[in-house]
Amino acid sequence: MAEPLRIGVLLSGSGTNLQAIIDEVAAGLPVSIVHVVSSRPDAYGIERARAAGIPVTVLNREAYADPAAADARIVEALRAAGAEYVVMAGYMRKVTPVMLEAFSDRVVNLHPALLPSFKGAHAITDAYEAGVKVTGVTVHLANEDYDKGPIIAQEPVRVEEGWSVDQLEAAIHAVEHRLYPEVLRALAEGRVSVGADRKVRVS
């Protein structure tokens, strides 16, 4: 058996995607979550990590007064834990070149829309208010352009007639919780590559 892929997870909120990964690891996903970083001391994801026995680094608003210094601190913690990939799971901070260079093509982000549509922090609400019939979920590699990195996987979510924005959010989260572990499995199995054209191929 190959060694599991060692990942560090960055979060800012409730940590439902972290929990989905934890649950899939327990079910056999070949991944080891070696460290969790929270950008907020009140994020519930911290409790999820601790309940699973995962070491946590907790930052706060003051730590991000210098974003590059904050990322240097995160990189140090993740490297010390032996992380091979950085997995953003509801992380509401833009990563800097400090992290992108330390983990080149190994910083993965989850976005609750079909990029390049509905970039930014309010993608679900923006899609709902635009009245689209289909939105979805994107998993991509992060780069210096916000929500523009090479796409690894996408899955559409149909917006049903009469849905509230909360119902749409629940449907998107359900896809996230399944799609993100699938992408991590592909990474762990070495089936993801970035071509010279900067496009991702999954075998």
Side-chain angles (χ1 to χ4, degrees), residues 1-11 15-37 52 54 71 74-75 78-79 81-91 94-119 123-124 127 132 134-158 171-203:
M1 285 286 289
E3 288 294 310
L5 182 72
R6 297 169 64 86
I7 68 169
V9 176
L10 311 185
L11 56 81
T16 60
N17 276 294
L18 169 65
Q19 190 65 56
I21 298 168
I22 290 170
D23 292 346
E24 288 299 318
V25 168
L29 180 70
V31 166
S32 175
I33 306 169
V34 296
H35 206 83
V36 167
V37 176
I54 303 166
D71 273 6
I74 294 168
V75 166
L78 296 185
R79 280 181 164 166
E84 299 168 87
Y85 271 79
V86 180
V87 174
M88 294 192 281
Y91 185 64
K94 186 174 187 286
V95 296
T96 70
V98 171
M99 187 177 300
L100 295 171
E101 289 167 11
F103 291 90
S104 180
D105 286 337
R106 290 178 291 137
V107 180
V108 187
N109 187 42
L110 180 70
H111 186 76
L114 295 176
L115 293 174
S117 298
F118 305 112
K119 299 172 187 168
I124 296 174
V132 297
V134 177
T135 182
V137 175
T138 301
V139 181
H140 68 100
L141 295 175
N143 62 14
E144 291 185 47
D145 295 321
Y146 195 66
D147 289 339
K148 274 191 177 179
I151 291 170
I152 303 171
Q154 290 185 307
E155 185 169 322
V157 173
R158 183 176 180 82
I172 284 177
H173 287 332
V175 171
E176 289 177 345
H177 297 164
R178 178 173 43 76
L179 186 63
Y180 221 2
E182 287 178 4
V183 169
L184 293 177
R185 181 179 294 278
L187 289 169
E189 293 173 352
R191 294 187 284 112
V192 179
S193 61
V194 183
D197 57 1
R198 300 301 301 154
K199 291 186 178 178
V200 175
R201 290 164 179 81
V202 183
S203 60

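Scope of the values below: all heavy atoms of this structure, side chains included, with no hydrogens, waters or symmetry mates.
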Evaluate whether atom [atom1] of [X] has more than 12 neighbouring non-hydrogen atoms of other residues, nucleotides or ligands under 6.0 angstrom away.
| X | atom1 | value |
| --- | --- | --- |
| Arg201 | CZ | yes |
| Lys148 | NZ | no |
| Glu144 | CD | no |

Distance, nearest 0.5 Å, that separates [atom1] of [X] from [atom2] of [Y]:
| X | Y | atom1 | atom2 | answer |
| --- | --- | --- | --- | --- |
| Leu11 | Leu18 | CG | CG | 6.0 Å |
| Thr16 | Ile21 | OG1 | CD1 | 10.0 Å |
| Phe118 | Thr135 | CZ | OG1 | 6.0 Å |
| Glu182 | Ile152 | CD | CD1 | 13.0 Å |
| Leu141 | Tyr85 | CG | OH | 7.0 Å |
| Ile74 | Met99 | CD1 | CE | 4.0 Å |

In plain terms, say whether Arg198 and Asp105 are close enough for a salt bridge, that is, a side-chain N and a carboxylate O under 4.0 Å apart. yes
Between Glu24 and Arg185, is there a side-chain N and carboxylate O pair less than 4.0 Å apart? no
For Ala52, check side-chain contact (heavy atoms from CB on, under 4.5 Å) against everything at least two apart and list the hits.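 Testing Ala52 for side-chain contact (heavy atoms from CB on, under 4.5 Å), a comparison that skips the adjacent residues, returns Ile22, Ile54.
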What is the minimum heavy-atom distance between [X] and [Y], and which atoms define it?
| X | Y | answer |
| --- | --- | --- |
| Pro150 | Asn143 | CD-ND2, 4.1 Å |
| Ala123 | Pro112 | CB-O, 3.8 Å |
| Ala153 | Leu179 | CB-CD1, 4.2 Å |
| Ala188 | Leu5 | CB-CB, 3.8 Å |
| Ala83 | Gly8 | CB-N, 3.8 Å |
| Pro181 | Leu29 | O-CD1, 3.5 Å |

Side chain to side chain contact (heavy atoms under 4.5 Å, CB included) evaluation trace for Val137 with His111: CA-CA 6 Å; Val137 175; His111 186 76; over 6 Å; no
List the steps and the verdict of side chain to side chain contact (heavy atoms under 4.5 Å, CB included) for Leu187 and Val108. CA-CA 10 Å; Leu187 289 169; Val108 187; 4.1 Å; yes
Would you find a donor on one side and an acceptor on the other, under 3.5 Å apart, between the side chain of [X] and the backbone of [Y]?
| X | Y | result |
| --- | --- | --- |
| Arg6 | Ala81 | yes |
| Ser32 | Val34 | no |
| Arg191 | Val202 | no |
| Asp71 | Thr96 | yes |

List the steps and the verdict of side chain to side chain contact (heavy atoms under 4.5 Å, CB included) for Val9 and Tyr91. CA-CA 9 Å; Val9 176; Tyr91 185 64; over 6 Å; no
Going by side-chain contact (heavy atoms from CB on, under 4.5 Å), Met88 matches just one of Asn17, Leu110, Val107. Which one? Val107
